[in-house]
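Notes to accompany the following structure.
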Amino acid sequence: MVDHEKVEKAVRMLLEGIGEDPDREGLKETPSRIARMYEEICGGMGQTAEKHLQKTFTAENNEMVIEKDITFYSMCEHHMLPFFGKVHIAYIPNGKVAGLSKLARTVEVYARRLQLQEQMTAQVADDLMKYLQPKGVMVMAAGEHTCMTMRGVKKPGSKTVSVVTRGIFAEDTHLQNMFFNMVRE
């Protein structure tokens with residue numbers, strides 16, 4: 001839960017620190033707007049994917065399930081600037097599957113907090129392993145980081161790709177290649 005009073009006070013101090021007047025017309029409501037924004041974009045704090053992944057369905061088919069192109073928006077914990085992109089998830093069920101929206105909700109739990117992309121990718125994979133107990137999981141995230149594109153080295157369009165494998169995906173390059181080929185389609 002975001003402490004609106006603290007965020008508003010901090011934003012006022014930041015505005016003053018960069019030489020702005022927080023009481024001028026265009027900025028008067030900015031501290032309140034930013035507090036509400038952080039409540040939304042950091043809404044994954046204190047949440048887990050358990051509630052999303054506890055509802056499963058029995059499945060006789062234990063072949064690969066892929067949900068790709070799950071859009072995410074997150075905030076870099078180093079610069080507090082946005083990064084965004086797509087997550088692709090594959091898992092081999094072990095008798096049970098989750099609803100497809102639950103995979104996207106799992107991504108949201110971890111994207112909606114101050115985050116590192118590499119950490120988010122691992123957190124999604126680890127929770128899928130923990131709560132679905134599949135034979136294996138593979139998660140790939142591709143993101144554009146504004147801390148690198150609009151400041152610092154200023155390389156717009158560059159993407160960071162992180163991949164995590166668990167279970168049989170960690171051992172089977174054929175499954176990994178199958179995943180990569182399906183994500184490219």
Side-chain angles (χ1 to χ4, degrees), residues 1-15 29-57 65-91 97-134 137-152 155-166 169 179 183:
M1 188 73 161
V2 169
D3 183 330
H4 283 253
E5 188 177 319
K6 283 185 178 180
V7 172
E8 289 178 30
K9 184 178 179 181
V11 171
R12 283 187 64 80
M13 289 177 63
L14 175 66
L15 289 170
E29 295 179 30
T30 297
S32 176
R33 281 192 293 270
I34 290 179
R36 289 190 310 272
M37 176 195 69
Y38 271 102
E39 187 162 43
E40 180 181 342
I41 64 177
C42 292
M45 296 298 301
Q47 290 185 11
T48 68
E50 181 177 17
K51 76 176 187 173
H52 303 299
L53 296 174
Q54 67 186 355
K55 175 72 172 156
T56 60
F57 306 95
V65 174
I66 294 182
E67 183 71 13
K68 66 181 193 173
D69 295 328
I70 301 168
T71 300
F72 76 90
Y73 299 92
S74 192
M75 294 287 282
C76 165
E77 68 181 34
H78 294 147
H79 300 97
M80 292 181 68
L81 286 171
F83 68 97
F84 54 92
K86 303 280 185 185
V87 172
H88 315 288
I89 298 172
Y91 70 100
V97 294
L100 297 178
S101 70
K102 305 309 183 196
L103 301 178
R105 290 186 191 283
T106 298
V107 171
E108 285 294 298
V109 164
Y110 291 109
R112 292 194 173 273
R113 55 180 70 182
L114 297 180
Q115 188 60 278
L116 298 174
Q117 179 179 317
E118 301 86 345
Q119 177 177 276
M120 178 186 78
T121 308
Q123 289 168 324
V124 169
D126 290 342
D127 272 7
L128 290 171
M129 286 298 289
K130 180 177 181 178
Y131 298 115
L132 294 183
Q133 300 174 343
V137 169
M138 188 163 175
V139 179
M140 180 171 79
E144 184 169 331
H145 294 247
T146 60
C147 58
M148 193 173 130
T149 62
M150 69 180 278
R151 59 154 303 279
K155 299 297 179 198
S158 62
K159 297 269 193 275
T160 300
V161 178
S162 51
V163 178
V164 171
T165 57
R166 300 287 188 260
F169 277 99
F179 169 81
V183 166

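Not one N or O on the side chain of Glu67 forms a donor-acceptor pair closer than 3.5 Å with the backbone of Ala104. A donor-acceptor pair under 3.5 Å links the side-chain atoms of Gln115 to the main chain of Tyr110, judged by distance alone. Under a 3.5 Å cut-off, the side chain of Arg12 and the backbone N or O of Glu8 do not form any donor-acceptor pair. In this structure, the side chain of Glu144 does not engage the main chain of Thr149 through any donor-acceptor pair within 3.5 Å.
Considering only heavy atoms from C-beta on, Cys147 stays 4.5 Å or farther from His78 through its side chain. In this structure, the side chains of Val2 and Glu40 stay at 4.5 Å or more apart for every pair of heavy atoms. In this structure the side chain of Arg36 reaches within 4.5 angstrom of the side chain of His4, judged on heavy atoms. With contacts defined as side-chain heavy-atom distances shorter than 4.5 Å, the pair Val161/Met140 qualifies. Residues Tyr38 and Met80 meet the side-chain proximity criterion, which asks for heavy atoms closer than 4.5 Å. Residues Tyr91 and Leu103 form a side-chain contact, since some pair of their non-hydrogen atoms from C-beta on lies under 4.5 Å apart.
Each of Glu118, Gln119, Gln117 was checked for a side chain to side chain donor-acceptor pair (under 3.5 Å) with Ser162, and the lone residue meeting it is Gln117.
Other residues, nucleotides and ligands contribute only 12 or fewer heavy atoms inside 6.0 Å of the CE atom of Met13. Within a 6.0 Å radius of NZ in Lys159, more than 12 heavy atoms belonging to other residues, nucleotides or ligands are found.
Of all heavy-atom pairs between Thr48 and His52, the closest is O-CD2, 4.1 Å. For Arg166 against Asp126, the heavy-atom pair with the smallest separation is NE-OD1, 2.7 Å. Taking both residues in full, the closest heavy atoms of Leu81 and Thr146 are given as CB-OG1, 3.4 Å, listed atom of the first, atom of the second, then distance. Ala98 and Lys102 get closest at one heavy-atom pair: CB-CB, 4.3 Å. Considering all non-hydrogen atoms of both residues, Lys130 and Gln133 come closest at O-CG, 3.6 Å. In this structure, Phe169 and Val137 approach most closely via the heavy-atom pair CD1-N, 3.3 Å.
Between the SG atom in Cys76 and the CG atom in Leu114 there is a gap of 8.5 Å [rounded to 0.5 Å]. Put simply, CD1 on Ile89 and CD1 on Ile70 are 4.0 Å apart, with the number rounded to the nearest 0.5 Å. Put simply, CD on Glu39 and CG on Asp3 are 10.5 Å apart, with the number rounded to the nearest 0.5 Å. In this structure, CD on Glu108 lies 11.5 Å from CZ on Arg113, to the nearest 0.5 angstrom. We find the CD-CG distance between Gln123 and Leu128 to be 12.0 Å, quoted to the nearest 0.5 Å. Lys68 NZ to Phe179 CZ: the interatomic distance, rounded to the nearest 0.5 Å, is 9.5 Å.
A donor atom on one side chain and an acceptor atom on the other are found under 3.5 Å apart for Thr71 and Lys86.
In this structure, His145 and Phe83 have parallel ring planes: the angle between them is below the 30° cut-off, well short of the 60° mark.
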